[in-house]
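What follows is a single structure, written as structure tokens, with notes after it.
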Amino acid sequence: MSRIGKKPVSVPAGVTATIEGKQLNVKGPKGTLNLTLRDEIKYTLEDGGISVQPANETKQARAFWGMQRTLVQNLVTGVTDGFSKKLLITGVGYRAAAHGRNLKLQLGYSHDVDVAVPEGLEVKTPDNTTIEISGADKQKVGQLAAEIRRWRKPEPYKGKGIKYDGEFIFRKEGKKK
């Protein structure tokens with residue numbers, strides 16, 4: 001029995017949810033998101049919420065139950081509040097600058113790294129060493145943050161690189177004389 005799946009997802013005022021065929025569409029102030037529905041799960045629109053239940057008693061249906069409820073919750077949260085990730089850059093000469101739909105990174109390579117920002121996402125650089133990514137789709141926000149971080153992962157000796165805000169980098173002791 002899924003503890004998460006049992007709870008219905010509440011739909012706040014100003015957000016509309018519709019089921020059309022195999023798609024769940026959620027529209028709110030921050031945009032429109034959709035989710036392809038699984039056959040193993042039964043989705044019902046109730047007064048003020050979306051209920052997710054397994055369609056049958058198979059092991060696969062129970063396995064998808066909680067995850068599908070969480071995906072529906074992420075749609076509702078995305079169109080109301082949105083999601084954001086903050087990246088911090090550490091290192092001498094490492095910096096970032098947002099130019100329209102591109103992000104220019106200087107990470108110690110012989111060339112600048114240009115990262116294209118996908119539609120639906122917004123990237124801000126409040127200062128040279130901070131990148132803020134925001135958008136309605138949680139998966140897209142996390143994917144872009146991971147792609148930016150991949151250019152220069154934090155190293156354990158000096159901590160240089162790109163890390164998530166709040167991420168702990170395990171530091172190693174250097175060579176001993």
Minimum heavy-atom distance between Tyr164 and Ala145, given as atom pair plus value: CE2-CB, 3.8 Å
All pairs passing salt bridge (Lys or Arg N to Asp or Glu O under 4.0 Å) where residues 22-32 contributes a residue, at least two apart: Lys22-Asp39
Which atom of Ile89 lies closest to which atom of Tyr94, heavy atoms considered: CG2-CB, 3.4 Å
Test log, rule side chain to side chain contact (heavy atoms under 4.5 Å, CB included), inputs Thr129 and Thr90: CA-CA 7 Å; Thr129 60; Thr90 307; over 6 Å; no
Ser134 OG to Asp81 CG distance, which is reported to the nearest 0.5 Å: 12.5 Å
Glu122: side-chain hydrogen bond (donor to acceptor under 3.5 Å, both in side chains) partners, not counting sequence neighbours: none
Shortest non-hydrogen separation from Lys160 to Gly91 and the atoms involved: CG-CA, 4.0 Å
Sequence neighbours excluded - ring-ring contact (aromatic ring centres under 6.0 Å, His included) pairs with any residue from residues 101-158: Tyr109-His111
Inter- and intrachain pairs under side chain to side chain donor-acceptor pair (under 3.5 Å), touching residues 96-108, at least two apart: Arg95-Gln106
Residues which pass salt bridge (Lys or Arg N to Asp or Glu O under 4.0 Å) with Arg149, listed by chain and number, not counting sequence neighbours: Glu167
Steps toward side chain to side chain contact (heavy atoms under 4.5 Å, CB included) verdict (Leu37, Gln23): CA-CA 6 Å; Leu37 303 179; Gln23 290 282 326; 5.9 Å; no
Residues which pass side-chain contact (heavy atoms from CB on, under 4.5 Å) with Thr70, listed by chain and number, not counting sequence neighbours: Ile4, Asn74
Atom of Ala96, atom of Leu103 and distance for their closest heavy-atom approach: CB-CD1, 4.4 Å
Thr130 side chain to Pro126 backbone, donor-acceptor under 3.5 Å: no
Pro118 side chain near Leu144 side chain, heavy-atom distance below 4.5 Å: yes
Whether Glu155 side chain and Lys158 backbone form a donor-acceptor pair below 3.5 Å: yes
Heavy-atom pair with the smallest gap, counting every atom of Pro29 and Gly14: CD-O, 4.0 Å
Inter- and intrachain pairs under ring-ring contact (aromatic ring centres under 6.0 Å, His included), touching residues 5-63, at least two apart: none
Donor-acceptor pair, side chain of Arg38 and main chain of Phe64, under 3.5 angstrom: no
Interatomic spacing from OG1 in Thr18 to CG in Asn25 - rounded to 0.5 Å: 4.5 Å
Co-members of Phe168 in a cluster of I, L, V, M, F, W and Y side chains, linked at under 4.5 Å: Phe170
Check: Arg69 side chain, Lys7 main-chain N or O, donor-acceptor pair, under 3.5 Å: yes
Check: Leu88 and Ile162 side chains under 4.5 Å, non-hydrogen atoms: no
Check: Val11 and Ile50 side chains under 4.5 Å, non-hydrogen atoms: yes
Residue pair Val115 / Leu105, side-chain heavy-atom distance below 4.5 Å: yes
Residue pair Val52, Trp65: steps toward the side chain to side chain contact (heavy atoms under 4.5 Å, CB included) verdict: CA-CA 7 Å; Val52 179; Trp65 186 12; 4.0 Å; yes
Heavy-atom side-chain contact between Lys85 and Leu87 under 4.5 Å: no
Gap between atom OG of Ser10 and atom CD of Glu46 - 0.5 Å precision: 12.0 Å
Non-neighbouring partners of Glu173 that pass salt bridge (Lys or Arg N to Asp or Glu O under 4.0 Å), sequence neighbours left out: Lys176
Closest approach of Val76 to Pro12 (non-hydrogen atoms, all atoms of both residues): CG1-CD, 3.7 Å
Any residue meeting side-chain contact (heavy atoms from CB on, under 4.5 Å) with Val79, in chain and number order, not counting sequence neighbours: Val15, Val26, Leu33
Partners passing side-chain hydrogen bond (donor to acceptor under 3.5 Å, both in side chains) against Thr58 (at least two apart in sequence or in another chain): Asn56
Ile133 vs Ile148 side-chain heavy atoms within contact, under 4.5 Å: yes
Between Gln53 and Thr44, a side-chain donor and acceptor under 3.5 Å: no
Pairs involving residues 126-143, ordered by first then second residue, that meet salt bridge (Lys or Arg N to Asp or Glu O under 4.0 Å) (sequence neighbours left out): none
